[in-house]
Amino acid sequence: MGKETVATVAEANAKSLPECINSSNPFHECSDYCVRKIAEARQRLDDEVPDSWKRPPEERTLHPDCINASNPYHDCSEYCFKRIADAKAGSERAQKEDAGKSDATEQQSEDNEAGKQEDAGGADDGYPQMTEKQRKLFELQLKMNEARKANQQAMVAEKKRMEPRGESRGVSKQKWLEDRKKKIGKLLDSNGLDMSKAYMLDTQETAEVKYKKWEKEPAPHGWDVFNQKTLYDAYKKRTKNIEVDMEAYNKAKESDPEFYRDASSLQYGKVSKVPEENIDKMVKELKDREAKRQSFSRRRKFNEDKDIDSINDRNEHFNKKIERAFGKYTLEIKNNLERGTALPD
Amino acid sequence: MAVATPRRVGGVVEAASDPSLSALTEARLPRVTRVKNKSPAEVQITAEQIIREARERREPEHPRGPARKIAGADELAEYRLGERKKFEDAVRRAASCGSPSAWVRYAEWEERQGDLHRARSVYERALSSSAAAQRGHTLWVRYAEFEMRSRCVSHARNVWNRAVALLPRVDQLWLKYVHMEETLGAVANARQVFDRWMAWRPGAAGWSTYAKFELRYGEVDHARAVYERFVTEHPHPEAFIRYAKFEAKRGEVERARGGRSRGRR
């Protein structure tokens with residue numbers, strides 16, 4: 001917009017075309033060279049921009065058989081056509097097999113499919129003006145855009161993760177709801193859905209992930225972390241590390257008369273010679289376990305921007321503990337105190 | 001002095017005579033000065049500001065004493081004596097509550113000093129004295145692991161034996177015992193321990209541990225016998241299902257079907 005206002009000012013002074021790249025310069029005067037450059041740029045743009053983008057959305061390219069037909073913003077590309085052709089070929093092949101035709105007909109149908117694919121591929125149904133090269137370029141651009149979007153999303157997510165969390169005390173669920181609405185609002189409206197029916201937008205995979213989450217038992221926390229089940233699971237993990245020495249086992253089997261002894265056997269009291277390396281193995285395993293125990297609890301990120309409410313390190317630790325215990329109950333009271341007045345509820 | 005009213009001597013209040021004020025005031029407030037302006041000051045201090053200032057003024061936590069250099073056997077003995085006194089005090093204080101952590105810290109210090117006999121005696125005292133031995137299994141586990149770390153296998157076996165005899169319902173003791181025997185390669189011993197455990201009818205977890213142990217050494221018949229015992233002593237549908245799954249994994253579909261039909265009955 002700035003360019004245009006400046007351009008109008010400049011035009012009052014000299015001949016400066018609005019499409020010229022130097023139009024932001026108020027003292028620029030367009031010459032033949034500028035005119036030539038403008039024409040070249042226009043030509044280049046025309047070559048690149050696919051025709052589908054110039055057309056109004058009502059006349060978009062849409063194959064009725066495409067699975068994305070319900071999406072009002074979808075434009076069918078070569079990929080879509082290929083997919084449609086494959087689907088048609090698959091269903092046709094299934095039909096032919098059901099009918100129990102002979103090999104000749106199958107070959108015929110395959111030829112048909114190949115022909116269809118070529119047709120679908122070569123059909124410039126929606127793109128009468130685009131050549132092969134232009135369509136390929138278009139698809140490359142689509143891929144690049146998607147990659148760029150994915151990269152940006154990943155960047156934003158990582159930044160959020162790295163920074164310490166902000167004040168979550170006063171923030172209510174409203175903010176999360178608004179965020180969510182922003183993200184899926186467009187899709188909701190296009191399908192005529194309400195926020196309460198937002199689950200209708202889930203694909204089957206995401207729905208299955210959600211079901212799995214419901215069925216999963218909540219992980220034990222607090223004093224329950226070392227209950228019988230978790231200890232047993234830890235033992236099972238350790239058994240995976242046991243090296244089974246079959247030949248020593250067989251040798252012992254032959255030498256020992258009471259190899260399969262039961263509880264009442266008196267062999268137990270007898271001192272048996274244990275080779276040194278086994279003892280080494282045992283000690284090593286113990287040391288490994290102890291080293292692993294160090295990483296049991298991870299150190300949390302220190303949030304510098306948080307309000308200071310303690311005079312001491314001990315005090316800080318205590319505050320963390322009581323926040324854990326009573327935080328969710330005192331949230332209302334704390335918010336009222338911060339605000340200065342209580343809300344009438 | 002127990003007097004609470006301030007003395008009126010020339011209008012000056014002795015701060016020391018008023019015990020409630022002595023901690024707060026350093027300056028002596030002349031009594032003649034009356035506060036004329038009772039309106040609030042323009043700049044008020046907030047609680048947050050007070051907290052921040054207090055935090056900035058705090059002293060370093062746990063100021064450590066100077067590092068101690070030990071040069072010679074007598075100094076070492078002195079140092080050990082001092083430490084032992086501290087530990088004994090801690091242990092006496094902790095004897096009232098049921099946590100064995102004071103004992104364990106003491107014993108581990110002795111272990112680090114290399115004195116196995118003393119460490120052993122500390123553990124034994126802990127076991128005999130406090131309720132920690134009877135109530136929880138942690139003390140037993142620590143003791144046994146100490147023996148294992150010090151490579152005293154027969155001592156370790158002794159400790160595990162006692163632990164398992166006193167607390168047979170704690171699965172962790174059995175599991176660790178069996179794991180030790182297996183790591184040492186004493187498979188026959190392990191089998192015997194498993195047998196003792198099964199006499200207590202532990203539950204599906206215990207039984208399947210036994211069966212998996214047998215399978216690890218390729219003893220399929222024994223594993224089958226284990227499952228048979230499991231199923232007879234635990235006539236729950238879950239037991240039958242596990243047995244059938246085991247047979248199915250082995251490819252013995254007939255037996256699996258037989259197992260399931262028994263279960264249905």
Side-chain angles (χ1 to χ4, degrees), chain A residues 226-236 238-246 248-250 252-253 255-287 289-290 307-316, chain B residues 47-48 50-62 138 145-146 148-154 156-157 161 169-172 174-176 178-189 191-199 203 205-206 208-209 212-214 216-219 222 225:
Chain A
F226 292 108
N227 56 15
Q228 292 259 36
K229 181 168 187 310
T230 50
L231 289 171
Y232 177 57
D233 289 339
Y235 167 75
K236 271 203 279 195
R238 267 181 283 140
T239 59
K240 295 213 171 64
N241 294 342
I242 295 179
E243 298 158 9
V244 173
D245 194 0
M246 280 314 288
Y249 177 72
N250 290 331
K253 203 193 321 199
S255 62
D256 194 347
E258 258 199 73
F259 196 59
Y260 300 105
R261 54 180 90 141
D262 59 351
S264 57
S265 151
L266 292 172
Q267 278 281 337
Y268 192 74
K270 202 166 80 149
V271 173
S272 62
K273 190 73 191 82
V274 180
E276 276 298 311
E277 42 186 46
N278 290 356
I279 302 186
D280 287 339
K281 254 196 285 181
M282 177 175 73
V283 172
K284 181 173 169 308
E285 194 193 0
L286 277 179
K287 299 239 162 76
R289 287 279 114 217
E290 263 177 68
D307 277 340
I308 299 179
D309 54 357
S310 52
I311 60 169
N312 221 343
D313 281 344
R314 255 178 93 79
N315 197 179
E316 197 177 337
Chain B
E48 198 187 349
I50 295 177
I51 290 179
R52 263 182 220 265
E53 284 181 3
R55 197 187 172 90
E56 277 157 28
R57 293 213 198 130
R58 70 184 164 190
E59 289 170 5
E61 316 278 345
H62 298 300
T138 51
E145 286 190 343
F146 152 70
M148 280 157 53
R149 264 193 307 252
S150 322
R151 311 170 68 97
C152 314
V153 177
S154 31
R157 280 198 180 124
N161 228 342
R169 283 296 175 186
V170 178
D171 281 353
Q172 193 198 14
W174 291 105
L175 286 174
K176 283 198 182 260
V178 145
H179 190 67
M180 181 189 90
E181 292 287 8
E182 213 181 328
T183 320
L184 289 174
V187 185
N189 279 345
R191 198 169 281 126
Q192 186 170 12
V193 174
F194 261 122
D195 217 40
R196 281 167 69 189
W197 186 17
M198 293 306 127
S208 45
T209 320
K212 283 204 193 103
F213 158 77
E214 293 284 8
R216 232 177 285 145
Y217 292 96
E219 306 268 359
H222 282 263

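Chain letters run A, B, ... following the sequence lines, proteins first, then strands; residues in each count from 1.
Neither the backbone nor the side chain of B:Ser150 comes within contact range of chain A; no heavy atom of the residue lies under 4.5 Å from a heavy atom of that chain. For B:Glu145, the parts lying under 4.5 angstrom from a heavy atom of chain A are both the backbone and the side chain. The contact between A:Ile242 and chain B is made entirely by side chain atoms (from C-beta outward), counting heavy-atom distances below 4.5 Å. For A:Glu276, the parts sitting under 4.5 Å from any heavy atom of chain B are the backbone and the side chain alike. For a residue to count as touching a neighbouring chain, one of its non-hydrogen atoms must lie under 4.5 Å from one of that chain's; by this rule A:Met246 touches chain B with the side chain only. Contact of B:Glu219 with chain A is made through the side chain alone, with heavy-atom distances under 4.5 Å. With a threshold of 4.5 angstrom between heavy atoms, A:Glu277 does not approach chain B through any atom at all. Neither the backbone nor the side chain of A:Lys229 comes within contact range of chain B, judged by heavy atoms closer than 4.5 Å.
Between A:Asn278 and B:Thr183, the closest heavy-atom pair is CB-O, 4.0 Å. The two residues B:Ile51 and A:Ile308 come nearest to each other via the heavy atoms CG2-O, 4.0 Å. The two atoms that bring A:Gln228 and B:Arg169 nearest to each other are NE2-O, 3.8 Å, heavy atoms only.
Note on A:Val244, A:Ile311, A:Asp309: by heavy-atom pairs under 4.5 Å with chain B, the leading option is A:Ile311. The candidate with the highest count of non-hydrogen atom pairs below 4.5 Å against chain B, out of A:Leu286, A:Asp245, A:Asn241, is A:Leu286.
The main-chain N or O of B:Ala205 is found under 3.5 Å from a side-chain atom of A:Tyr232 such that the two form a donor-acceptor pair. B:Arg55 places a side-chain N or O within 3.5 Å of a backbone atom of A:Ser310 that can act as its donor or acceptor partner.
Residues satisfying the side chain to side chain donor-acceptor pair (under 3.5 Å) criterion with A:Asp280, sequence neighbours excluded, are B:Arg151.
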Next item on the list: Start with the C-alpha gap between A:Val283 and B:Met148, add the side-chain angles, then the distance that decides, and say whether side chain to side chain contact (heavy atoms under 4.5 Å, CB included) holds.
Entry: CA-CA 7 Å; A:Val283 172; B:Met148 280 157 53; over 6 Å; no
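Side-chain contact between B:Thr209 and A:Lys236 is absent, with no heavy atoms from C-beta onward closer than 4.5 Å.
The CZ atom of B:Arg216 sits 10.0 Å away from atom NZ of A:Lys240, with the distance rounded to the nearest 0.5 Å.
Salt-bridge formation is not detected for the pair A:Arg238/B:Glu182: no Lys NZ or Arg NE/NH1/NH2 atom is positioned less than 4.0 Å from an Asp or Glu carboxylate oxygen.
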